[in-house]
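A quick note: this is a predicted structure, and the numbers were derived from the prediction, not measured.
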Amino acid sequence: MTLSISPTTQPHTSPCSVSKPNVNPTFSHATTPSLPFNKSQLAWDRIKHDSVQCNSPKLGHKWTQYQGINQWDGLLDPLDDNLRMEILRYGQFVESTYRAFDFDTNSPTYATCRYPKTSLLARTGPRKSGYRVTKNLHATCGVELPNWVSSLSQLPRVQSSWIGYVAVCEDREEIARLGRRDVVIALRGTATCLEWLENLRVTLTKLPSHMGCGYEDCMVENGFLSLYVSKTGACPSLQDMVREEVARVIESYGDEPLSITITGHSLGAALAILSAYDITATLKNAPMVTVVSFGAPRVGNEKFRSQLEKSGTRILRIVNSDDVITKVPGLVVRDDDVACSGGVHAAGFQSWFRKVVDDMQLVYADVGQELRVSSRESQYLKKGDVATCHDLKTYLHLVNGFVSSSCPYTTKTTQYPAEAWL
C-alpha cells in the first residue's frame, strides 16, 4: 500500500513556524506495513533538502541523561535538540528492520532477512553507523491456523519470522561521541498473518515466574507474551535469543561504560518493553537499559507498570495522538476518572464498569515517559489516514519538527543527520 504524503492545500504559517525558502516537501511514502499481507517493498523517495547539515552532538559524560537516568526531566518539553537527534538515530535502526525484511509472500525467503549480518546496516541503514550486527532475532507465534483455514488461503503459514537484530557499537569515534559503548536491539512491527492473529489475543495473562515478577496480578497482553516466549524445535524463543546475546555482550564489555537501547515500532515496541523488563529483572549486572518506542500499543496492567519502574527500566514512548494503535488494546481505567463529577451514580457506575473490565482482563496501564506529537500539526501529512498516522516515517517526520507542547510542529532550517538518511 503506497501512501502519498503531500500538502492538499497551500501550507499555512503557524506562530512557531520558521520559513524555508523554495521548499515544497512533497514525497511518496511506501508505508511500514500496517495491514496484513502487504507485499509492497518499503521505499521512500529521496527528499530534497536545501538546509544546512549539522553534526551529531557529543554526549560525553551526559549520556546517562539522554538515556533517561532522570526520566528525561527537562528534555522533553521543549524537546532538547540532542535528544531529538538520538531519537531519530534510533529510529533509523528500526527502519532498517523493515528495509531488510522480505515481505514478498511468493518469495522462497519470505519472512526472513534479505541481507547477511555483515552488510545489513550498510545496505539498509546509515552508511557509517559505527555499529556491527552480532545477532539476528526471530519471533515465534504460539497460535496456529486451523487446517481448514489454511486450505482456503494461499498465504504461507510462517510460524517463526525474522523480527530484528542486535548491533554493538564498535567504532572508536562513535563510542567517544556517545560516551559509552552502546548496544542496540531493533525490532520491527507486525508483518505476517500469524503475528496479526497474535495481536488479536488482547486479554491479559500472568507474567511467567521465570521473568522475575512474582505477583499473581502482574499481567501482560497474551499475544505479545506468546511472541516473546514461544519456540519450536528448530527456532529458540525471542526471549532466549535476547538473553543469550545480552549476556554475551555483558561478559565481553562489562568492564567499560555500556548501555542497552531497545527500540521498536508497533508490535516491535511492545516486544521491546517486554525484553527490557526481562533483562533488568532477571540478568545479573545488567547495564543501563533504555527503551525508545514508536507507536507502541499497551503492554500490561498497573502491576506490570509498577514492576517496570522498580526494575529501573527507562522507557521513552513517542506517541502520535492521532494514532489509534497507541490507544489499544484494552482500556485504561483510573480510580479518579469520575471523581470530579461528584455524583454517587457516576461513582457507582465506574465501580461496576471497573469490575466488568477487570473480570475480562482488559484493564491496561500506560508506561514510561511520553513524548506526544500529532499528525494534525503537519501540513504535509494526509489527515485522518490510519495507516499514515501509525507509520514509522510519520513518527520520525513529526519528531523532527516537534518543538514543545505549545508548538508541536515547525519547519526547521536545520537538517538532522537521521532525516537526511531517510
In sequence, state the C-alpha distance, the side-chain angles, and the governing distance for Thr124 and Tyr98, and then conclude on side chain to side chain donor-acceptor pair (under 3.5 Å).
-> CA-CA 9 Å; Thr124 65; Tyr98 286 114; over 6 Å; no
Measure from the side-chain N and O atoms of Ser107 to the backbone N and O of Thr109, and report whether any donor-acceptor pair falls under 3.5 Å.
-> yes
Of all the heavy-atom pairs spanning Gly164 and Thr97, show the shortest one and how long it is.
-> CA-CG2, 4.1 Å
Hey, does the side chain of Asn301 reach the backbone of Met219 with a donor-acceptor pair shorter than 3.5 angstrom?
-> yes
Contacts of Pro108 meeting side-chain contact (heavy atoms from CB on, under 4.5 Å) (sequence neighbours excluded), chain-then-number -> none
Could you pull out the closest heavy-atom pair between Thr313 and Ser311, with the gap in Å?
-> OG1-OG, 2.9 Å
Please round to the nearest 0.5 Å and tell me the distance separating atom OH of Tyr364 and atom CG of Leu204.
-> 4.0 Å
Do Val183 and Leu258 pass the side chain to side chain contact (heavy atoms under 4.5 Å, CB included) test, and can you show the C-alpha distance, the side-chain angles, and the key distance before you say yes or no?
-> CA-CA 8 Å; Val183 180; Leu258 184 68; 3.9 Å; yes
The single option from Phe224, Phe304, Tyr228 passing ring-ring contact (aromatic ring centres under 6.0 Å, His included) against Tyr277 | Phe304
Side chains of Leu398 and Tyr395 in contact at under 4.5 Å (non-hydrogen atoms) = no
Excluding sequence neighbours, so at least two apart, what forms side-chain contact (heavy atoms from CB on, under 4.5 Å) with Ala272?
-> Leu187, Ile262, Val291
Partners of Tyr90 by ring pair (Phe, Tyr, Trp, His ring centres under 6.0 Å), sequence neighbours excluded?
-> none
Quick one: list whatever passes side-chain contact (heavy atoms from CB on, under 4.5 Å) with Glu173, sequence neighbours left out.
-> Asp171
Thr410 side chain to Gly401 main-chain N or O, any donor-acceptor pair under 3.5 Å?
-> no
Rounded to the nearest 0.5 Å, how far apart are CG of Leu75 and CD of Glu86?
-> 11.5 Å
Counting only N and O atoms by type, is there a donor-acceptor contact under 3.5 Å from the side chain of Trp63 to the main-chain atoms of Gln65?
-> no
Excluding sequence neighbours, so at least two apart, what forms salt bridge (charged side-chain N to carboxylate O under 4.0 Å, His left out) with Glu170?
-> Arg132
Before giving the answer on side chain to side chain contact (heavy atoms under 4.5 Å, CB included), spell out for Val166 and Val133 the whole-Å C-alpha distance, their side-chain angles and the decisive distance to 0.1 Å.
-> CA-CA 6 Å; Val166 181; Val133 175; over 6 Å; no
With rounding to the nearest 0.5 Å, note down the distance linking OG in Ser375 to CG in Leu381.
-> 5.5 Å
Would you mind reporting whether Ser374 and Ser321 have side-chain heavy atoms less than 4.5 Å apart?
-> yes
Heavy-atom pair with the smallest gap, counting every atom of Leu371 and Leu76 = CD1-O, 4.0 Å
Please list, chain by chain and in numerical order, all residues satisfying salt bridge (charged side-chain N to carboxylate O under 4.0 Å, His left out) with Glu251, sequence neighbours excluded.
-> none
Residues forming a salt bridge (charged side-chain N to carboxylate O under 4.0 Å, His left out) with Glu309, sequence neighbours excluded | none
Can you measure from CE (Met288) to OG1 (Thr280) and round to the nearest 0.5 angstrom?
-> 11.5 Å
Answer whether the closest heavy-atom distance between the side chains of Thr290 and Ile260 falls below 4.5 Å.
-> no
Scan residues 178-192 for pairs that pass salt bridge (Lys or Arg N to Asp or Glu O under 4.0 Å), counting only residues two or more places apart or in two chains.
-> Arg180-Asp182, Arg181-Glu256, Arg188-Glu195
Within a strict 4.5 Å, meaning less than it, do heavy atoms of the Arg89 and Leu178 side chains meet?
-> yes
Donor-acceptor contact present, side-chain Asn320 to main-chain Cys389, <3.5 Å = yes
Just how far is it from atom CG of Leu308 to atom NZ of Lys303, taken to the nearest 0.5 Å?
-> 12.5 Å
Are His390 and Thr394 close enough that some pair of their side-chain heavy atoms sits under 4.5 Å apart?
-> no
Asn222 and Thr205: side-chain donor and acceptor closer than 3.5 Å?
-> no
Between the side chain of Lys206 and the main-chain N/O of Val220, is any donor-acceptor distance below 3.5 Å?
-> no
Please report the closest heavy-atom contact between His138 and Met241, naming both atoms and the distance.
-> O-CE, 2.8 Å
Can you spot which of Phe402, Phe294, Tyr409 makes a ring-ring contact (aromatic ring centres under 6.0 Å, His included) with His397?
-> Tyr409
Any donor and acceptor pair, going by atom type alone, linking the side chain of Arg317 with main-chain N or O of Ala269 inside 3.5 Å?
-> no
Do Tyr131 and Val168 come close enough that some side-chain heavy atom pair is under 4.5 Å?
-> no
In this structure, CD1 of Ile87 is separated from CD of Gln92 (nearest 0.5 Å) by 13.0 Å
For residues 241-250, which residue pairs qualify under salt bridge (Lys or Arg N to Asp or Glu O under 4.0 Å), counting only residues two or more places apart or in two chains?
-> Arg243-Asp278, Glu245-Arg248
Within the distance-only criterion (no hydrogens, no angle test), does the side chain of Thr232 pair as donor or acceptor with the backbone N or O of Cys235 below 3.5 angstrom?
-> yes
Taking only residues two or more places apart in sequence, or in another chain, which ones meet Ser237 in a side chain to side chain donor-acceptor pair (under 3.5 Å)?
-> Asp240
Just do the side chain to side chain donor-acceptor pair (under 3.5 Å) check on Gln239 and His210 with the steps written out, would you?
-> CA-CA 11 Å; Gln239 178 186 46; His210 71 270; 3.2 Å; yes
So does Glu221 pair up with Arg298, basic N to acidic O under 4.0 Å?
-> no
Do any N or O atoms from the side chain of Ser230 and from the backbone of Leu227 form a donor-acceptor pair under 3.5 angstrom?
-> no
Evaluate the side chain to side chain donor-acceptor pair (under 3.5 Å) criterion for residues Thr261 and Gln67: first the C-alpha distance (whole Å), next the side-chain angles of each, then the deciding distance (0.1 Å), finally the verdict.
-> CA-CA 8 Å; Thr261 309; Gln67 289 295 106; 2.9 Å; yes
Nearest atoms (heavy-atom pairs only) where Arg314 meets Gly68 = CG-O, 2.9 Å
Taking the six-membered ring where the residue is Trp, are the ring centres of Phe103 and Tyr110 under 6.0 Å apart?
-> no
For Glu198, what residues pass the salt bridge (charged side-chain N to carboxylate O under 4.0 Å, His left out) criterion, not counting sequence neighbours?
-> Arg201
Examine distances only and state if a side-chain atom of Trp72 and a backbone atom of Tyr66 form a donor-acceptor pair shorter than 3.5 Å.
-> yes
Min side-chain heavy-atom separation Leu396-Asn400 under 4.5 Å = no
Side chain to side chain, Leu238 and Ile163, heavy atoms closer than 4.5 Å = yes
Under the side-chain contact (heavy atoms from CB on, under 4.5 Å) test, residues paired with Lys128 that sit two or more places apart | none
